[in-house]
Visitor: 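Sharing a structure here in structure tokens format.
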2 protein chains.
Amino acid sequence: MTTSDPAAPRRTLLLSGEASAAAGAGTPAFSPLYQQIKSLLLQSLQRGEWKPGDAIPSEQELAARFKVSQGTVRKAIDELAADNLLVRRQGKGTFVATHAERHVQYRFLRLHPDHGDRQAEGPATRTVLACRRSRASAEVAAALQLRAGDAVVQISRVLSLGGAPTILEDLWLPGTPFKGLTLETLTAWAGPMYALFESQFGVRMVRAEERIKAVAASDIAAQRLQVPPGTPLLSVERLAFTYNDAPMELRRGLYRTDRHHYRNELG
Amino acid sequence: MTTSDPAAPRRTLLLSGEASAAAGAGTPAFSPLYQQIKSLLLQSLQRGEWKPGDAIPSEQELAARFKVSQGTVRKAIDELAADNLLVRRQGKGTFVATHAERHVQYRFLRLHPDHGDRQAEGPATRTVLACRRSRASAEVAAALQLRAGDAVVQISRVLSLGGAPTILEDLWLPGTPFKGLTLETLTAWAGPMYALFESQFGVRMVRAEERIKAVAASDIAAQRLQVPPGTPLLSVERLAFTYNDAPMELRRGLYRTDRHHYRNELG
DNA sequence: CAGTGGTCTAGACCACTGG
DNA sequence: CAGTGGTCTAGACCACTGC
């Protein structure tokens, strides 16, 4: 293993610590250098070494730190940027992505006005109906990978778009990372909720899965959304994840679609 | 500007033909080499130089053809592969993506069974209710970038999943590219519809946009989907595009969501 | 075995940002 | 101006496929 001659092209892999071991059968568990760099960067993001909005070290510096060429670091960063975890800005540096940026707000909200764009519609109005600590039901616990009865924070709110109440949603958050989240915190906060989670609790939502169904409005939902009971609504169930694919939020939304639609791009 | 010495790094751009001109104000309309290569490859795909499923020339060969380094060709291909237009297969070559491949079938269908996966559910059953040539309404014409009254092909069909009729959809296709598409063609075809479009009409669907709403089942829809009238259904309106972002299909679907859900990933 | 895509390097130069 | 990311090159070697 002693690659002592200075000029030889280095093929030694990093493998810092555990990794590969205990793969059961004969799989060598090999991965290219840039993937290993990507993992290391991911770990730094995960443990909060660089906060959302911060610049990470330059490619040159990272290359020196990891003892690889700039191109290899570059490829690792390329993938993280493609996953929306990092944002490159030519001439300035590479930054940790954040939900707090202007112009990229509501990145996870796919509801759009039928006519015109979101700009024309004006800003959303948020009304928090409730925010209380409770115990996870079996269903919520399963989704958030908790045990039934564990502490959770439950939030209920209405979003109004273009002046009409349009989204009614319930959120469940794991109690431990969100200790101290109260109704006051929420109502005082002006920006997107995920930006609040970043700045106050150090939890950054990275990706999410949504399951959509069509349902009839219950009496209570109908009242809160100001539509007749039985009106067809989109039921949008979202599970949002932080860095290491750990689920951190379960959200159940009911969307009015009389003046809006859920937009999706298929690649 | 005459970089005539043979060892000098070549900076001459290709700019084969028109491009940049007439940009109005002072925009130089400059683009990196690999983007130009990407455009050239895109044009070859567009004009059918390589058919879906075919291998394109090797990176080395393309590099020689375009007089650039392999790395530059590589970056162009990387982007086309990321857009699902090409598929790389190590040791074999790079292939034009197709909707006919096993294991990637129904790439654009986001409806999944609530329990289990698509495999467990078994194959979908298709019933074509109608296939006729007609004239484009103003609405259809606008979507497909035709003139109202232009010839279109209209198809109506039901898909059954897990034994139950689940999707009722109407399709509109521009008449000219789909000349000769009949009910017999459709019923005789065993595979995915987009694979038929590729092999019989040379039209490959590359991407699509969907707009989703919740609606109540009309009497006729209810009957065809075997649900009570008024049942909430997903209304999925899809506009599908070929290579140069030309719209080639308008599709209006009604999805039952009693045993299925529309699944979406948010990045 | 030859041919393909995949990884990695080292170095050059360009384009953009800010002081 | 120095520092950042962005492009491009040339060449080496690896990993996989199929004959």
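The sequence lines fix the lettering, A, B, ..., with proteins before strands; numbering per chain opens at 1.
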Visitor: Measure from the side-chain heavy atoms of A/K75 and tell me the nearest of D/dT4, D/dT7, C/dT7.
Guide: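 Closest of the options to the side chain of A/K75: C/dT7.
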Visitor: Considering only nitrogen or oxygen atoms on both sides, find all protein atoms under 3.5 Å from nucleotides 17-19 of chain C and state each distance.
Guide:
from   : atom 1 : to    : atom 2 : distance (Å)
C/dG18 : OP1    : A/K92 : NZ     : 3.3

Visitor: To the nearest Å, how far apart are A/F95 CZ and C/dC16 P?
Guide: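 These atoms are roughly 17 Å apart.
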Visitor: Counting only N and O atoms by type, is there a donor-acceptor contact under 3.5 Å from the side chain of B/E209 to the main-chain atoms of A/R263?
Guide: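 The answer is no, because no donor-acceptor pair under 3.5 Å joins these two groups.
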Visitor: What I'd like to find out is whether the side chain of A/K38 reaches to under 4.5 Å of the side chain of A/D83, using heavy atoms alone.
Guide: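 Side chain of A/K38 against side chain of A/D83, heavy atoms only: contact under 4.5 Å found.
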Visitor: Mind checking if A/R74 touches a base, just sugar-phosphate, or nothing, with heavy atoms under 4.0 Å?
Guide: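 Counting heavy atoms under 4.0 Å across all strands, the contact made by A/R74 includes a base.
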Visitor: The test is side-chain contact (heavy atoms from CB on, under 4.5 Å); show your working for A/L266 and B/R238 and say whether it passes.
Guide: CA-CA 9 Å; A/L266 308 180; B/R238 177 193 298 174; 4.1 Å; yes
Visitor: Do the side chains of A/N84 and A/R107 get nearer than 4.5 Å, heavy atoms only?
Guide: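 A side-chain contact under 4.5 Å exists here.
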Visitor: Among D/dT7, D/dT9, C/dT9, which nucleotide sits nearest the side chain of A/L33?
Guide: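 Taking heavy atoms from C-beta onward, the closest nucleotide is C/dT9.
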Visitor: Find the distance B/Y34:OH to C/dC13:P and express it as a whole number of Å.
Guide: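 After rounding, the reported distance stands at 21 Å.
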Visitor: Give the nucleotide from the list D/dC8, C/dG5, D/dG5 with an atom nearest to the side chain of B/R88.
Guide: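 Given the options D/dC8, C/dG5, D/dG5, the side chain of B/R88 is closest to C/dG5.
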Visitor: Where the side chain of B/P32 is defined as all heavy atoms beyond and including C-beta, which of C/dG5, C/dT9, D/dC8 is the nearest nucleotide?
Guide: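 The answer is D/dC8.
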Visitor: Let me know the distance between CG of A/L80 and P of D/dG5, rounded to the nearest Å.
Guide: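 My rounded result for the distance is 14 Å.
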Visitor: Can you tell me which residue among A/F108, A/Y106, A/F197 is in a ring-ring contact (aromatic ring centres under 6.0 Å, His included) with A/H99?
Guide: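 Testing A/H99 for a ring-ring contact (aromatic ring centres under 6.0 Å, His included) against A/F108, A/Y106, A/F197 leaves exactly one candidate, A/F108.
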Visitor: Checking base pairs now: Watson-Crick or wobble, both atom distances under 3.5 Å. What partners D/dT17?
Guide: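 Across all strands, the one nucleotide that pairs with D/dT17 is C/dA2.
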Visitor: How long is the span from the CZ atom in A/R74 to the CD1 atom in A/I77, to the nearest 0.5 Å?
Guide: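 These two atoms lie 8.0 Å from each other.
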Visitor: With a 4.0 Å limit, can you tell me whether B/T72 has a side-chain N or O closer than that to the phosphate oxygens OP1/OP2 of D/dT9?
Guide: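 For B/T72, the contact criterion (side-chain N or O under 4.0 Å from OP1 or OP2 of D/dT9) is met.
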Visitor: Checking side-chain polar atoms at under 3.5 Å, does A/D78 have a donor or acceptor matched by the opposite partner on A/Y34?
Guide: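 Short answer, no.
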Visitor: Choosing from C/dG5, C/dC8, D/dG5, which nucleotide comes nearest the side chain of B/T94?
Guide: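 Among C/dG5, C/dC8, D/dG5, the one nearest the side chain of B/T94 is C/dG5.
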Visitor: In whole Å, I'd like the distance from the CD atom of A/Q60 to the P atom of C/dG11.
Guide: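 Whole-Å distance recorded here is 11 Å.
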Visitor: Whole angstroms only, please: what is the CG-P distance between B/L62 and D/dT9?
Guide: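 For the pair B/L62 CG and D/dT9 P, the rounded distance is 14 Å.
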Visitor: In whole angstroms, how far is the C1' atom of C/dA10 from the NZ atom of A/K67?
Guide: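 After rounding, the reported distance stands at 17 Å.
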Visitor: Considering heavy-atom distances to DNA chain C, does A/V73 or B/G93 have its closest nucleotide positioned more toward the 5' end?
Guide: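 With A/V73 and B/G93 compared, the 5'-side residue is B/G93.
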Visitor: Using modelled atom types only, decide if a donor and an acceptor are shared between the side chain of A/T98 and the backbone of A/E101 within a distance under 3.5 Å.
Guide: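 It does not hold such a pair.
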Visitor: Could you tell me the separation between the CD atom of B/E59 and the P atom of C/dT7, rounded to a whole number of Å?
Guide: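 Computing the B/E59:CD to C/dT7:P distance gives 11 Å.
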Visitor: Give the rounded distance in Å between these two atoms: CG of B/L86 and P of C/dG5.
Guide: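 Rounded to whole Å, this separation is 11 Å.
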Visitor: May I ask which nucleotide in the shown strands pairs with D/dA12, Watson-Crick or G-U wobble, both distances under 3.5 Å?
Guide: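 Pairing partner: C/dT7.
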